[in-house]
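Reviewing the structure listed below.
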Amino acid sequence: MNSFSARNVSEETVPYDVDALWEVLTDAKTLQKLTPLVHRITPDGDRWLWEMTSVPVLNQKFKPVFTALMDFDPKKGISYSHDSARSDELVAVDGIYTLTPVDGGTHLSIDIDITARLPFPKIMGPAVRTAMTVVMTQMGNGFARNLDKHLR
């Protein structure tokens, strides 16, 4: 097993107010419904257990499970980091959502960093990181579409 990391940074101004976005981003059931490849999100206080469906990476599929420590700054941002007590988990996700009210909506920025221990040789790093980035992009695009449909 080797560790591979990929990062996705994106931002967009959406035509929804901060309150509407905050309601979605802090509700595990709604996030679970709107986010592609997410099977289940189980909150336990500030610890959220994320269980993914089958995620393709190169010629294999994985069902990642990871625990994120969530830190909510009401209607301003959400930061999350991997629960270091869960060293058994093969995936760690760290990131931040930032919400900024603007005329006509909210500027939403997202910065996600994923590290996964996978059964690929280190030499395959560029291909693995590319595959991880493609999956993250697809998930982000799908979430954006679903969020738009949900809030309209």
Side-chain angles (χ1 to χ4, degrees), residues 1-12 14 16-58 60-101 105-120 122 125 128-151:
M1 295 290 242
N2 288 298
S3 290
F4 303 92
S5 295
R7 183 176 178 204
N8 189 346
V9 178
S10 59
E11 59 183 288
E12 184 173 346
V14 294
Y16 308 108
D17 66 24
V18 169
D19 292 334
L21 285 172
W22 187 255
E23 187 174 319
V24 169
L25 296 175
T26 58
D27 182 68
K29 291 288 183 206
T30 303
L31 277 179
Q32 172 182 308
K33 182 177 84 173
L34 299 180
T35 309
L37 301 178
V38 171
H39 172 66
R40 182 180 304 125
I41 303 170
T42 307
D44 181 13
D46 65 344
R47 285 174 169 75
W48 286 23
L49 177 67
W50 295 69
E51 299 172 73
M52 309 298 288
T53 61
S54 187
V55 176
V57 179
L58 299 180
Q60 296 188 37
K61 292 191 176 189
F62 303 93
K63 290 188 177 184
V65 175
F66 58 92
T67 305
L69 297 174
M70 309 294 288
D71 182 22
F72 299 98
D73 184 4
K75 300 181 184 178
K76 294 181 182 175
I78 302 168
S79 59
Y80 44 97
S81 58
H82 185 252
D83 184 352
S84 60
R86 299 302 311 258
S87 60
D88 59 313
E89 295 177 344
L90 300 179
V91 174
V93 179
D94 300 283
I96 188 166
Y97 285 76
T98 304
L99 295 86
T100 307
T106 303
H107 187 78
L108 177 62
S109 63
I110 303 168
D111 185 346
I112 300 173
D113 189 15
I114 297 176
T115 300
R117 288 184 285 161
L118 298 168
F120 297 111
K122 284 188 182 212
V128 172
R129 283 187 291 279
T130 297
M132 290 172 67
T133 299
V134 167
V135 169
M136 290 170 63
T137 299
Q138 290 171 343
M139 288 178 70
N141 291 342
F143 176 76
R145 281 191 306 275
N146 293 337
L147 177 67
D148 189 52
K149 287 178 193 174
H150 179 78
L151 291 176

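One-based numbering along the sequence shown.
For A6 against D113, the heavy-atom pair with the smallest separation is O-OD1, 3.1 Å. In terms of heavy-atom proximity, P56 sits nearest to V135 at O-CG2, 3.3 Å. Here the closest heavy-atom approach between residue L31 and residue T35 is recorded as O-OG1, 2.8 Å. Counting all heavy atoms, side chain and backbone alike, Y80 lies closest to I112 at OH-CG1, 3.1 Å. Closest heavy-atom contact between W22 and D73: CH2-O, 3.4 Å. Nearest approach of V24 to L147, heavy atoms of both residues: CG1-CD1, 3.8 Å.
Here L21 contributes atom CG and L99 contributes atom CG; the two are 5.5 Å apart, rounded to the nearest 0.5 Å. Between T115 atom OG1 and L90 atom CG the span is 12.0 Å, to the nearest 0.5 Å. Here L58 contributes atom CG and F120 contributes atom CZ; the two are 4.5 Å apart, rounded to the nearest 0.5 Å. Interatomic distance, T30 OG1 to E23 CD, rounded to the nearest 0.5 Å: 7.5 Å. If you take CD1 on I110 and CE on M136, they are separated by 10.5 Å, rounding to the nearest 0.5 Å. Going from atom CG of D27 over to atom CD of Q32 covers 9.5 Å, rounded to the nearest 0.5 Å.
Checked by atom type and distance alone, the side chain of R47 never pairs as donor or acceptor with a backbone atom of T42 at under 3.5 Å. In this structure, the side chain of T106 engages the main chain of Y16 through a donor-acceptor pair within 3.5 Å.
A 4.5 Å side-chain heavy-atom check between E11 and H107 finds at least one atom pair inside the cut-off. Side chains of D44 and L49 form no contact here, defined as non-hydrogen atoms less than 4.5 Å apart. You'll find the side chain of V128 stays beyond 4.5 Å of the side chain of N2, heavy atoms only. Contact of the T53 side chain with the H39 side chain is registered, since non-hydrogen atoms from C-beta on lie closer than 4.5 Å.
None of D148, L34, V38 except one satisfies the side-chain contact (heavy atoms from CB on, under 4.5 Å) rule with F143; the exception is L34.
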ask   = Stepwise, does the side-chain contact (heavy atoms from CB on, under 4.5 Å) test hold for V65 with E51?
value = CA-CA 5 Å; V65 175; E51 299 172 73; 4.2 Å; yes

message = Applying side-chain contact (heavy atoms from CB on, under 4.5 Å) to D46 and D71, what does each step give before you reach the verdict?
response = CA-CA 7 Å; D46 65 344; D71 182 22; over 6 Å; no

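Here D19 pairs with K75 under the salt bridge (Lys or Arg N to Asp or Glu O under 4.0 Å) rule; sequence neighbours left out.
Around the CG atom of D88, the shell of radius 6.0 Å holds more than 12 heavy atoms that belong to other residues, nucleotides or ligands.
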